[in-house]
2 protein chains.
Amino acid sequence: MRRMTARPANAHQARLLKLLRDGGPNSRAQLGDQVDLSRSKLAVEVDRLLETGLVVADGLAASRGGRRSHNVRLNPSLRFLGVDIGATSVDVAVTNAELEILGHLNQPMDVREGPVAVFEQVLDMAGKLKATGLAEGFDGSGIGVPGPVRFPEGVPVAPPIMPGWDGFPVREALSQELGCPVMVDNDVNLMAMGEQHAGVARTVADFLCVKIGTGIGCGIVAGGTVHRGTTGSAGDIGHIQAVPDGRPCACGNRGCLEAHFSGAALARDAVQAAQQGLSAELAARLAVNGTLTAVDVAAAAAAGDATALDLIREGGTRVGQVIAGLVSFFNPGLVVIGGGVTGLGHTLLAAIRTQVYRQSLPLATGNLPIVLGELGQTAGVIGAARLISDHLFSPA
Amino acid sequence: MRRMTARPANAHQARLLKLLRDGGPNSRAQLGDQVDLSRSKLAVEVDRLLETGLVVADGLAASRGGRRSHNVRLNPSLRFLGVDIGATSVDVAVTNAELEILGHLNQPMDVREGPVAVFEQVLDMAGKLKATGLAEGFDGSGIGVPGPVRFPEGVPVAPPIMPGWDGFPVREALSQELGCPVMVDNDVNLMAMGEQHAGVARTVADFLCVKIGTGIGCGIVAGGTVHRGTTGSAGDIGHIQAVPDGRPCACGNRGCLEAHFSGAALARDAVQAAQQGLSAELAARLAVNGTLTAVDVAAAAAAGDATALDLIREGGTRVGQVIAGLVSFFNPGLVVIGGGVTGLGHTLLAAIRTQVYRQSLPLATGNLPIVLGELGQTAGVIGAARLISDHLFSPA
DNA sequence: CGAACTTTCTCCACTCGCAGGACAAAGGGC
DNA sequence: GCCCTTTGTCCTGCGAGTGGAGAAAGTTCG
């Protein structure tokens, strides 16, 4: 099947497409309630969208007590590919134009293998999803990578944990391979966009989205749009100093937040605690698996292990200290915590909250929810689909 | 004379007014080069602006080698009043519509005397400026106050250093007194807008403007517009923890940046150093004045006093630590240092730079200028004029 | 069950914003 | 002084957009 290539011809059409994406099928009258256009003009633009094939008729609408109206919706055969490349695994998902996930695959993988190997795997996973009949091709794709991105060009820059990716033309290469438009962004920004589209941040204009996984990053949304910074490295909070003269960090400094708390740091600490005989629970798990991860710590904590709980609390306090500073600075309306360590759950959240509420100014924290992300592993791929749909649903 | 009350009727007129404000007198042809409008349409809008009186004819333009063209400019009798209320002094200035300062007064004053006393003084100063013949009245006024502001309403909220100001309807009250539209904002945001309009930040979309005076604040500009946060307290970095378990702060916490370095903290430290006999230079100044301020420390440092230099360096290091974190987080394209302590000059700047370049990631600091503000004391009042002109030069 | 009211959709006439060409006015350069 | 360039003005025509008049197809209530 040939893919859609049409784009909205003007701002009105773009607006309508986004309303249909976010609100599902709608009658012309319902659309008219949401835009400031006369009925006649609205009808003209909807007709044009129908002609392009981006939008299709969709039966009768629920009656509001008058002449029956016909719904329109985004073409249900449109398909977006959301790709979320993490440090140690890849998520690939297929969505429809309303950004609902139709199929989702996750595979472990080491981003350090470099872009060629990683994208081979991504294309393979995309192929598997296609083979299930979910899609015959893709109309667009969003890609998240775990490092800074020069956004306009879609090229990673100087990614510390991704040697070999610096300057790799991700956008161009994948656009060619997939045969569709591609947009590339930092994985944390995509998580923020995911929570903004379908998660806890749906109604908030200014919020922070802290992702704690192998490393730590922070998505910044100001006035409803992602702030990427001058060189695309905004939100890179893993190397903010959390502990003066603290642990040495891979970046060459000491006391970086990431060195004191992250999926990787937590695992190291747990192994050490087990070896020192501080925790029978952790030691037992170490003996079985040969190594420990954040998941083990979460399980030990759930079983009431004091050492595991302490590790989580201390980590949460460190993160909380840094977040407290960011909250004072940025004055967000919401802080979302996400990433691999959300399995640590309420213990972590409580430690973070305590620290933020203690250290930030009352005016900034007075009505500030600090919550876990709602979408879990799917936040990234939904954000990726959102990224490319925002692009395609804008006038060319 | 009756004041102008006209506002641009549409976005084109708003655009033209801002071009004339920022670029001075222009011919229709020059304006045409800067906007995407046909000559005919441009002429129509310019004619309408001439009718409103906001814009007037201004003689012949410099020839570009063809039919001679007539300049238009903003009405030279338009007057804005810029007011910058600091913790210990007030600046009041009169500008024309091009935001050039025509007259400027500064007076010491204690903001804790409350809004009624302060505004009495402001109105008195405005009256003095009028009496010189610079203005017969004001077409608009911008007001900066040293604390968070609920921006849409123009009302200070919970200002720690301004008891008695909480909830005072600054915008409404002054609008009535002055008989013109008024906008209110945090003083630090206005300083940022000042440097953006006429100072070092003219071409930068994302930058931070750190104001170190009695307290410490930070203006945040993202994508060319000021970020004020959910409750208007964004940029309030004075109470970010700079030193774990450090000095007690008035806010109840320990180790706040402001407790370790600010105009007030520096003065305290200098007095203490003088009393402890660490610095003959400072002791002499203390004996003469009975007290010390940042100005004394600056003078002592300029005279080569080692203790004064140490105080500045240590303070700069503290501020630098915090800024380093903010730079990693926000990834600005420029950091501007301003406020009362800019007199400390290069010593301070060097300490800040050292710390930021050491602690932030190379990608964020690679091409990051850290400079002193260019406008000094006038930044605030220019920013204030800019604030109200942005408002008045937008469609009603 | 029918009359009256609502809601939705379509068609049409009219206004207005705006572009772009034709033309006039007024220079500069050789 | 002739030709080219730049600027300003006028005019025509197109397309966007509004709002009213019906028509179609419901709901509600007596």
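Chain letters run A, B, ... following the sequence lines, proteins first, then strands; residues in each count from 1. Everything numeric in this text was worked out from a predicted model, so none of it was measured.
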| said: Below the 4.0 Å mark, does C:dC18 have OP1 or OP2 next to a side-chain nitrogen or oxygen of B:H12? | reply: yes
| field | Per-nucleotide protein contact string for nucleotides 3-14 of chain D, where B marks a base within reach and S marks sugar-phosphate only (heavy atoms under 4.0 Å, - for neither) | value | --BBBBBB----
For atom [atom1] of [X] and atom [atom2] of [N], their distance in whole Å:
X     : N      : atom1 : atom2 : value
A:L42 : D:dG19 : CG    : P     : 14 Å
A:E45 : D:dA16 : CD    : P     : 8 Å
B:R48 : C:dC16 : CZ    : P     : 10 Å
A:Q13 : D:dA16 : CD    : P     : 10 Å

| said: side-chain hydrogen bond (donor to acceptor under 3.5 Å, both in side chains) for A:S389 and A:R21? Distances and angles first, verdict last. | reply: CA-CA 9 Å; A:S389 79; A:R21 176 191 67 186; 2.6 Å; yes
| Main-chain N/O of A:L19 paired to A:Q34 side chain as donor or acceptor, under 3.5 Å | no
| query | After noting the C-alpha distance and the side-chain angles of A:S69 and A:R28, does the key distance pass the side-chain hydrogen bond (donor to acceptor under 3.5 Å, both in side chains) rule? | reply | CA-CA 8 Å; A:S69 65; A:R28 282 151 216 256; over 6 Å; no
| request: Find the distance between CD1 (A:I382) and NE2 (A:H104) and round it off to the nearest 0.5 Å. | output: 9.0 Å
| request: Could you give me the CA-CA distance, side-chain angles and deciding distance for B:R171 and B:V155, then say whether side-chain contact (heavy atoms from CB on, under 4.5 Å) is met? | output: CA-CA 7 Å; B:R171 180 178 186 173; B:V155 173; over 6 Å; no
| B:N186/B:F151 under side-chain contact (heavy atoms from CB on, under 4.5 Å): CA gap, chis, key distance, verdict | CA-CA 9 Å; B:N186 183 304; B:F151 186 71; over 6 Å; no
| Touch class at under 4.0 angstrom, heavy-atom based, for B:K41 against every strand present | sugar-phosphate
